[in-house]
Amino acid sequence: KNQVEQSPQSLIILEGKNCTLQCNYTVSPFSNLRWYKQDTGRGPVSLTIMTFSENTKSNGRYTATLDADTKQSSLHITASQLSDSASYICVVHNDMRFGAGTRLTVKP
Amino acid sequence: DAGVIQSPRHEVTEMGQEVTLRCKPISGHNSLFWYRQTMMRGLELLIYFNNNVPIDDSGMPEDRFSAKMPNASFSTLKIQPSEPRDSAVYFCASSYGPEQYFGPGTRLTVT
């Protein structure tokens with residue numbers, strides 16, 4: 001069983017709308033939790049890195065949260081743009097556990 | 001900076017052939033990672049090096065896979081013999097600190 005579960009698998013939203021992606025994990029303890037954005041045909045790009053003790057981390061329109069008690073993280077995207085269309089991958093860094101990703105499509 | 005450089009970008013080979021993937025990390029980075037990505041299994045860490053020394057190769061699927069880092073600016077991932085199930089995108093990433101920078105990947109197809 002994968003120790004990092006992401007939901008939803010895919011999501012379609014209209015440009016300008018907000019959305020939230022979920023990551024549930026069972027890996028414990030861990031050094032940090034990361035969110036990556038991966039455009040089609042490219043390598044992943046780091047969005048946020050949070051240590052075990054951090055609750056939130058922002059990077060522009062991207063805000064990641066972490067609840068260590070419930071072992072959940074979320075990535076909130078504000079005012080979505082067409083360029084946000086990509087896969088978003090949650091990674092728990094201890095021994096590198098990757099979620100399967102959420103495929104986000106932003107439509108005009 | 002050119003970022004992480006991988007070659008070739010695409011490789012098509014026949015089952016049983018040897019395949020060598022190459023990676024040039026970002027200058028000054030001291031850690032290098034090899035990943036494999038497939039639709040079925042997503043991203044998987046194969047091996048990572050720190051200061052040219054392999055630290056964790058537990059993700060290497062079997063003895064057909066080997067990786068080397070002869071110096072700080074070059075690494076190879078070799079598959080011998082290749083099998084159709086090795087078809088995937090192979091990424092190299094490098095870091096100095098927690099942030100990893102990924103290369104564009106090598107798409108390997110084994111027929």
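Within every chain, numbering begins at 1; the chains are lettered A, B, ... in the order of the sequence lines, protein sequences first and strands thereafter.
Looking at Y48(B), there are no atoms closer than 4.5 Å to chain A (heavy atoms on both sides), in backbone or side chain. The contact between P104(B) and chain A is made entirely by backbone atoms, counting heavy-atom distances below 4.5 Å. The part of F33(B) that comes within reach of chain A is its side chain, from C-beta onward, which places non-hydrogen atoms under 4.5 angstrom from that chain. Using a 4.5 Å cut-off between heavy atoms, Q6(B) makes no contact with chain A at all.
Judged by distance alone, with hydrogens and angles left aside, the side-chain atoms of D57(B) form no donor-acceptor pair with the main-chain N or O of M60(B) at under 3.5 Å. Not a single donor-acceptor pair under 3.5 Å links the side chain of D56(B) to the backbone N or O of I47(B).
More than 12 heavy atoms of other residues, nucleotides or ligands lie within 6.0 Å of CD in E62(B), so this atom counts as buried by the packing criterion.
Ring pair Y88(A)/Y36(A): centre-to-centre distance not below 6.0 Å.
Contacts with chain A were tallied for Q37(B), E44(B), R107(B); Q37(B) has the most, counting heavy-atom pairs under 4.5 Å. Options P98(B), G105(B), G42(B) differ in how many heavy-atom pairs under 4.5 Å they form with chain A, and the most are formed by P98(B). Contact tally against chain B (heavy-atom pairs below 4.5 Å) for S87(A), G43(A), G101(A): the top residue is G43(A).
Inspection of the T63(A) and S58(A) side chains reveals an N or O donor paired with an N or O acceptor under 3.5 Å.
Side-chain contact between Q9(A) and R103(A) is absent, with no heavy atoms from C-beta onward closer than 4.5 Å.
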